[in-house]
Protein chains: 2
Amino acid sequence: MPTVSSEELAAAAGVNSAKLRKDFSYLGSYGTRGVGYDVEYLVYQISRELGLTQDWPVVIVGIGNLGAALANYGGFASRGFRVAALLDADTALAGRLVAGLPVRHIDELESIVADNQVSIGVIATPAGAAQEVTDRLVAAGVTSILNFAPTVLSVPDGVDVRKVDLSIELQILAFHEQRKAGEDDRPEPDGDVPAVMPA
Amino acid sequence: MPTVSSEELAAAAGVNSAKLRKDFSYLGSYGTRGVGYDVEYLVYQISRELGLTQDWPVVIVGIGNLGAALANYGGFASRGFRVAALLDADTALAGRLVAGLPVRHIDELESIVADNQVSIGVIATPAGAAQEVTDRLVAAGVTSILNFAPTVLSVPDGVDVRKVDLSIELQILAFHEQRKAGEDDRPEPDGDVPAVMPA
DNA sequence: CCATCTTTGTGCACGCGTTCACAAAGACAT
DNA sequence: ATGTCTTTGTGAACGCGTGCACAAAGATGG
């Protein structure tokens, strides 16, 4: 039976082994003292807790470059996500294959969500269309939305929204870059300025 | 002179006003007691501190769907980023216009980075090409890399890498979705299981 | 069956970030 | 000028997550 110790895992992940053990303990006592954790069992337990063992049908709305990139992204399938449908308002796109799936018209949204029991929707439309799409998704029964459009969406209570801003990470890099470059020549008002930015 | 109080800003952002004031205080004393903060001045100071007032030339490597989506993304320009060039290994793409810019061959990387003093590179290539592209970027003088490829990159000290995994946010949504659905019918080993997932 | 050795699970202490609470500062009216 | 009122800036307290350190648990060998 292949096992790992918390020490090995912690070293590999670059974290403290006590923290790692404490985190694992929240999921139950899956380790064996003097031996470590059974790898296969541990993977299964974490996967289950994270929802990776379930099947999550999702719809992607807005099949532009970003929508297509998401449809082609391999990381979804391996994490339990299944693309139930690709939707777009552009009738010229209808039927075209993207990542092996035909693009369908936005008006099929309601029936697709109902038929596949979709609870998660991904919005990759232009900003202008995002709120309307959101409203339709919510009305159809979707309770979680991943928003790539640069707009703040308003949703009723009980619906989760997560917004992904592709430029935020770039901004963090630029912030650090500025620090690297400016440490010696940038005139600061008075003394140094502490970091107010995530690591 | 239009002003805002820390109370108003905190309410709008959904945070504590004291924390907001303390955060601002790290940038200097830009407020006026009894009045609040001068909006225009505050915006400028924050922009400057975050590096938004600078010009950051970036190169995007790998002009597939994701690379094209990034090139078209409007949020970059408004935050001080300027796409210096789009690069791809596929010679068939060379010269094609994406977001108004011609795609150039990867072999021009070194000269483009040097000529434009590019310090930030964006990798949107397949996983297999990411490390080689990284090495060339670093050798050419790039010191910050935003990696969209599903690989862990190794870089020398002094180079910053940030990895964006498009499926992580989806996974967080699924985790919460599981909680919503399973709170009443999922059999838990013993008692409840605390959350081990970001909010 | 006992001794020893390894590694888990966790109580406790420490440190850091958040929040409270208030004195200081400035605006504005009289 | 003086007093009042508003809002900042910050010292101090609080709370929570992280890390230390060790007892308990189980494996393994004699």
Side-chain angles (χ1 to χ4, degrees), chain A residues 1-50 162 168-169 171-172 175-176 179 188-199, chain B residues 1-50 162 168-169 171-172 175-176 179 188-199:
Chain A
M1 183 180 84
T3 59
V4 264
S5 68
S6 61
E7 203 65 53
E8 293 172 277
L9 282 174
V15 299
N16 183 286
S17 68
K19 172 165 161 44
L20 192 141
R21 284 199 300 279
K22 190 163 281 184
D23 284 354
F24 282 3
S25 77
Y26 287 121
L27 309 177
S29 279
Y30 298 142
T32 305
R33 299 177 186 222
V35 177
Y37 298 89
D38 174 28
V39 173
E40 196 183 347
Y41 188 57
L42 183 64
V43 166
Y44 169 72
Q45 288 297 344
I46 294 177
S47 297
R48 190 181 54 81
E49 187 67 27
L50 258 34
R162 294 194 74 89
I168 279 189
E169 296 289 322
Q171 208 168 314
I172 295 173
F175 179 76
H176 285 123
R179 296 248 140 181
E188 278 304 337
D190 53 297
D192 54 355
V193 175
V196 197
M197 201 85 181
Chain B
M1 182 178 85
T3 61
V4 266
S5 69
S6 62
E7 204 65 55
E8 292 173 276
L9 281 174
V15 298
N16 183 287
S17 68
K19 173 165 159 44
L20 192 141
R21 283 199 299 279
K22 189 162 278 185
D23 284 355
F24 281 5
S25 77
Y26 287 121
L27 309 178
S29 279
Y30 298 143
T32 307
R33 298 178 186 218
V35 177
Y37 298 88
D38 173 27
V39 173
E40 194 183 347
Y41 189 56
L42 183 64
V43 167
Y44 168 71
Q45 288 297 344
I46 294 176
S47 298
R48 190 181 55 81
E49 188 66 26
L50 257 36
R162 296 192 74 89
I168 279 189
E169 295 289 322
Q171 209 167 313
I172 294 173
F175 179 77
H176 285 122
R179 297 246 139 181
E188 278 303 338
D190 53 296
D192 54 356
V193 174
V196 197
M197 202 84 181

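In the text below, chain A, chain B and the rest are named by the order of the sequence lines, each starting its count at 1. This one's a predicted model, so the numbers in the text were calculated from it and none came from an experiment.
Counting only heavy atoms from C-beta on, B:Arg33 has its side chain closest to C:dA25 among D:dC22, D:dT10, C:dA25. Out of D:dA21, D:dG9, C:dG26, the shortest distance to the side chain of B:Thr32 is found at C:dG26. If you check C:dT19, D:dC20, C:dT8 against the side chain of B:Asn16, the one that comes closest is C:dT19. Closest to the side chain of A:Tyr37, from the set D:dG19, D:dT10, C:dT8, is C:dT8. Checked against C:dG9, C:dT7, D:dT10, the side chain of A:Ser5 finds its nearest nucleotide in C:dT7. For A:Ala18, counting side-chain heavy atoms from C-beta on, the closest listed nucleotide (D:dA24, D:dA21, C:dA21) is D:dA21. Comparing atom distances between the B:Lys22 side chain and each of D:dA12, C:dA27, C:dT8 picks out D:dA12 as nearest. Among C:dC22, D:dG19, C:dT8, the nucleotide with an atom closest to any side-chain atom of A:Ser6 is C:dT8.
Residue A:Lys19 places no side-chain N or O under 4.0 Å from the OP1 or OP2 atom of D:dG19. For the pair B:Ser29 and D:dG9, the criterion of a side-chain N or O lying under 4.0 Å from OP1 or OP2 is met.
Atom pair A:Tyr30:OH and C:dT10:P shows a separation of 13 Å (rounding to whole Å applied). The nearest whole Å value for the distance from the CD atom in B:Glu8 to the P atom in D:dT7 is 8 Å. Separating the OH atom of A:Tyr26 from the P atom of C:dG11 is a distance of 10 Å, rounded to the nearest angstrom. If you measure from atom CG of B:Leu20 to atom P of C:dC20, you get 14 Å, rounded to the nearest angstrom. Atom-to-atom, CG of A:Asp23 to P of D:dC16 comes out at 17 Å; the value is rounded to the nearest Å. Going from atom CG of A:Leu42 over to atom P of C:dT8 covers 11 Å, rounded to whole Å. Distance CZ (A:Phe24) to P (C:dT10): 14 Å, rounded to an integer number of Å. The interatomic distance linking B:Arg21 (CZ) with D:dG11 (C1') rounds to 13 Å, in whole Å.
Minimum heavy-atom separation, B:Leu50 to A:Phe175: CA-CD1, 4.0 Å.
Under the 6.0 Å cut-off for aromatic ring centres, B:Tyr30 and B:Phe24 do not qualify, their centroids lying 6.0 Å or more apart.
Annotation: side chain of A:Gln45 is not in contact with side chain of A:Leu27 (no heavy-atom distance under 4.5 Å).
A:Thr32 OG1 to A:Tyr41 OH: the interatomic distance, rounded to the nearest 0.5 Å, is 10.0 Å. Here the OG atom belonging to B:Ser5 is positioned 9.0 Å from the CZ atom belonging to B:Arg21, to the nearest 0.5 angstrom.
Mapped onto DNA chain D by nearest heavy atom, A:Gly34 and A:Val15 fall at different nucleotides, with A:Val15 at the one closer to the 5' end.
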